[in-house]
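Here is the structure we will look at.
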Amino acid sequence: MSNDNLYARFAANWRGDDVFLTTPEGDRLTYAALDTLSAQVADCLVSFGVGVGDRVSVQTGKSVDYVLLYLGCLRGGFVFHPLNPAYTRSELEYFFADAEPALIVCDPDNPSHAADVGATLGVRNILTLRGDGSGTFRDAYRQAPGRHPVLDRDGDDLAALLYSSGTTGQPKGIPLTHANIGINAAELSAAWGFRRDDVLLHALPMFHTHGLFIALTCTLMSGSLVRYLARFDADQVIDELSDATVMMGVPTYYTRLLANPRFDAAVCRGIRLFTSGSAPLREDTFHEFTARTGHAIVERYGMTETVILTTNPLDGERRAGTVGLPLPSVELRIADPGDAPLPDGEVGRIQVRGPNVFHEYWRKPDKTAEDFTADGFFNTGDQGRIDDGYVSIVGRAKDLIISGGLNVYPIEVEQVLNECEGVSEAAVIGVPHADFGEAVVAVCIGDADTLEEANVRQFARERLAAFKLPKRVIAVDDLPRNAMGKVQKNLLRERFAGLFADA
């Protein structure tokens with residue numbers, strides 16, 4: 001019987017002497033070394049009492065050791081639980097209480113104090129890992145023997161647990177299986193033509209599906225090389241592009257490259273593929289990028305619950321404003337409110353089914369029942385249409401804001417702002433922003449004498465991750481409402497659409 005462990009699927013494509021990863025700081029890791037080190041990590045976690053199926057929560061910055069921790073968890077049958085380093089203490093309290101990790105790996109210098117939060121909640125095993133790789137995690141795994149086998153796993157066994165905020169304000173756990181990630185990785189690697197001699201320029205964060213399950217897995221599935229950058233910096237990316245063949249990014253990366261006078265066609269001469277995701281790519285950005293470089297960015301569509309669903313073709317027309325065609329195993333339909341399929345060209349709800357789609361929310365059967373149809377399709381919450389097979393996203397889950405490629409649900413921000421002195425009621429919207437795609441804006445009813453923008457933002461900064469903070473706080477006497485008293489955010493978005501026109 002074959003082993004469906006995602007690690008085994010990856011390792012089948014490796015040659016030991018080939019280089020897997022390099023960094024500008026001088027790190028160099030072969031696939032043989034990767035195999036040994038991941039076994040040491042798995043042995044290390046076992047020595048701390050982590051068992052098969054246990055969650056390992058991780059809140060650290062991007063490092064080589066982060067990759068080793070992820071692969072060590074896969075190898076040992078543990079469930080990898082990545083968390084945004086920007087999360088605050090109060091946010092971590094929810095995640096740790098809900099995930100119930102057997103072990104936490106965190107950055108001791110992060111002001112969220114994950115170690116204290118975990119200890120308060122009774123998590124017995126806590127290791128540290130800084131962005132430079134130092135900490136008790138590295139000290140511990142480097143002393144481990146490194147004999148841990150690649151554990152036999154069924155495709156339906158859990159590989160990772162991620163969280164996506166819901167419109168109720170309470171984050172939902174999304175368990176992804178070895179098959180969810182593995183089948184999608186194989187199809188995506190094939191769709192994008194990954195080969196052993198590719199060099200992926202990786203500037204994405206690792207706590208997010210994009211950096212972890214899309215970019216990194218294409219490298220691991222093809223046995224190719226990843227040039228691993230600690231973060232996105234336009235000048236550094238321009239310096240590195242000449243030695244790469246593939247770059248993946250969010251729209252913000254491409255707008256920042258276009259804003260840099262050093263960025264031109266010569267810089268991109270060795271690149272065969274640019275991809276964009278995590279947020280809509282503006283058509284003007286697509287066309288400006290093509291005019292500047294000669295490359296047409298491949299836009300694709302995915303989400304935490306499904307990994308990748310569609311992509312514009314590697315060979316064939318890449319249509320600006322669309323997210324391309326469904327991957328081979330993905331069933332995608334446009335449905336009316338009663339879940340009946342609609343014909344091509346009509347706008348409706350995007351629903352999907354396939355081996356890449358998660359099975360159920362973590363410990364939330366009621367939410368699972370709400371978001372899946374009777375015939376097993378997942379309601380993405382997005383509105384779209386299909387024309388000649390190409391999928392276009394015309395609207396999203398009603399209030400979702402995507403800022404810099406990260407999801408912000410207004411209810412989370414509103415709940416915080418409504419507790420701020422001087423704010424009677426807050427309505428949070430997303431408005432167009434040339435750099436971030438969308439910017440978070442809070443429109444608040446309040447006492448003009450006490451509602452100071454700086455004070456409101458500081459109040460929020462102490463309680464929310466930085467990417468959720470309103471870039472502007474606007475005081476108004478009243479908010480537009482419908483007959484049922486519900487705030488009409490569409491009118492607010494129209495009213496403030498040009499707020500950052502000169503940004």
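Treat the numbers as computed from the prediction; the structure is a model and nothing was measured. Note that these values count all heavy atoms, side chains included, but never hydrogens, waters or copies made by symmetry.
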Pairwise distance [atom1]([X]) to [atom2]([Y]) - rounded to 0.5 angstrom:
X: Ile297; Y: Thr285; atom1: CD1; atom2: OG1; result: 7.5 Å
X: Leu229; Y: Thr23; atom1: CG; atom2: OG1; result: 9.0 Å
X: Cys73; Y: Arg55; atom1: SG; atom2: CZ; result: 12.0 Å
X: Glu288; Y: Leu257; atom1: CD; atom2: CG; result: 11.0 Å
X: Phe213; Y: Leu6; atom1: CZ; atom2: CG; result: 8.5 Å
X: Leu273; Y: Leu314; atom1: CG; atom2: CG; result: 6.0 Å

[Y] six-ring face occupied by [X] cation (under 6.0 Å, within 45°):
X: Arg256; Y: Tyr254; answer: no
X: Arg75; Y: Phe80; answer: no
X: Arg196; Y: Tyr31; answer: no

Basic-acidic side-chain contact under 4.0 Å: [X], [Y]:
X: Asp65; Y: Arg138; value: yes
X: Arg9; Y: Asp4; value: no
X: Asp264; Y: Arg292; value: no
X: Glu100; Y: Arg363; value: yes
X: Arg130; Y: Asp109; value: yes
X: Lys468; Y: Glu91; value: yes

Sub-3.5 Å donor-acceptor pair from the side chain of [X] to the main-chain atoms of [Y], do we have one?
X: His208; Y: Gly211; answer: no
X: Asn184; Y: Ile308; answer: yes
X: Asp43; Y: Arg147; answer: yes
X: Thr60; Y: Asp107; answer: no
X: Thr245; Y: Val199; answer: yes
X: Thr306; Y: Gly302; answer: no
X: Thr30; Y: Val19; answer: no
X: Thr136; Y: Thr128; answer: yes
X: Thr217; Y: Ala185; answer: no
X: Arg153; Y: Asn3; answer: no

Derivation and outcome, side chain to side chain contact (heavy atoms under 4.5 Å, CB included), residues Leu69 and Val58: CA-CA 9 Å; Leu69 178 54; Val58 184; 3.5 Å; yes
Option from Thr322, Asp382, Asn312 for which side-chain hydrogen bond (donor to acceptor under 3.5 Å, both in side chains) with Tyr301 holds: Asp382
Note, [X] side chain near [Y] side chain (heavy atom, < 4.5 Å):
X: Leu161; Y: Ile174; value: no
X: Ile126; Y: Cys106; value: yes
X: Leu212; Y: Met206; value: yes
X: Pro251; Y: Arg282; value: no
X: Val441; Y: Leu499; value: yes
X: Leu469; Y: Val440; value: no
X: Thr120; Y: Val117; value: no
X: Phe10; Y: Leu74; value: yes

Glu240 vs Gln236, side chain to side chain donor-acceptor pair (under 3.5 Å): CA-CA, chis, key distance, verdict: CA-CA 6 Å; Glu240 296 284 349; Gln236 185 180 40; 4.8 Å; no
Check against side chain to side chain contact (heavy atoms under 4.5 Å, CB included), Ile183 and Asn356: CA-CA 7 Å; Ile183 293 172; Asn356 57 304; 6.0 Å; no
Plane angle bin for Trp14 and Tyr7 - parallel if under 30°, tilted between 30 and 60°, otherwise perpendicular: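 Tyr7 vs Trp14 ring planes: perpendicular.
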Determine the minimum heavy-atom distance between [X] and [Y], stating which atoms define it.
X: Gln59; Y: Pro85; answer: NE2-O, 3.4 Å
X: Val416; Y: Leu464; answer: CG2-CD2, 3.8 Å
X: Pro24; Y: Tyr228; answer: CD-O, 3.5 Å
X: Leu151; Y: Gly77; answer: CD2-CA, 4.1 Å
X: Leu176; Y: Glu305; answer: CD2-O, 4.2 Å
X: Gly76; Y: Val52; answer: O-CG2, 3.9 Å

More than 12 heavy atoms from other groups under 6.0 Å of CZ on Arg195: yes
Arg231 atom CZ, over 12 foreign heavy atoms within 6.0 Å: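 Atom CZ in Arg231 is not packed in, count stays at 12 or less.
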Assert yes or no for the condition that the ring centre distance of [X] to [Y] is strictly below 6.0 Å.
X: Tyr66; Y: Tyr70; result: no
X: Tyr361; Y: Tyr163; result: no
X: Phe274; Y: Tyr253; result: no

Derivation of the salt bridge (charged side-chain N to carboxylate O under 4.0 Å, His left out) call for Asp235 and Arg262: CA-CA 8 Å; Asp235 281 314; Arg262 296 177 55 212; 3.0 Å; yes
Audit row: Ser224, Phe194, side chain to side chain contact (heavy atoms under 4.5 Å, CB included) steps and yes/no: CA-CA 8 Å; Ser224 55; Phe194 263 79; 4.2 Å; yes
Trace of the side chain to side chain donor-acceptor pair (under 3.5 Å) decision for Thr275 with Trp192: CA-CA 9 Å; Thr275 75; Trp192 288 345; over 6 Å; no
Residue from Phe96, Tyr94, Phe207, Phe95 passing ring-ring contact (aromatic ring centres under 6.0 Å, His included) with Tyr87: Phe95
Derivation of the side chain to side chain contact (heavy atoms under 4.5 Å, CB included) call for Thr88 and Leu92: CA-CA 6 Å; Thr88 64; Leu92 290 181; over 6 Å; no
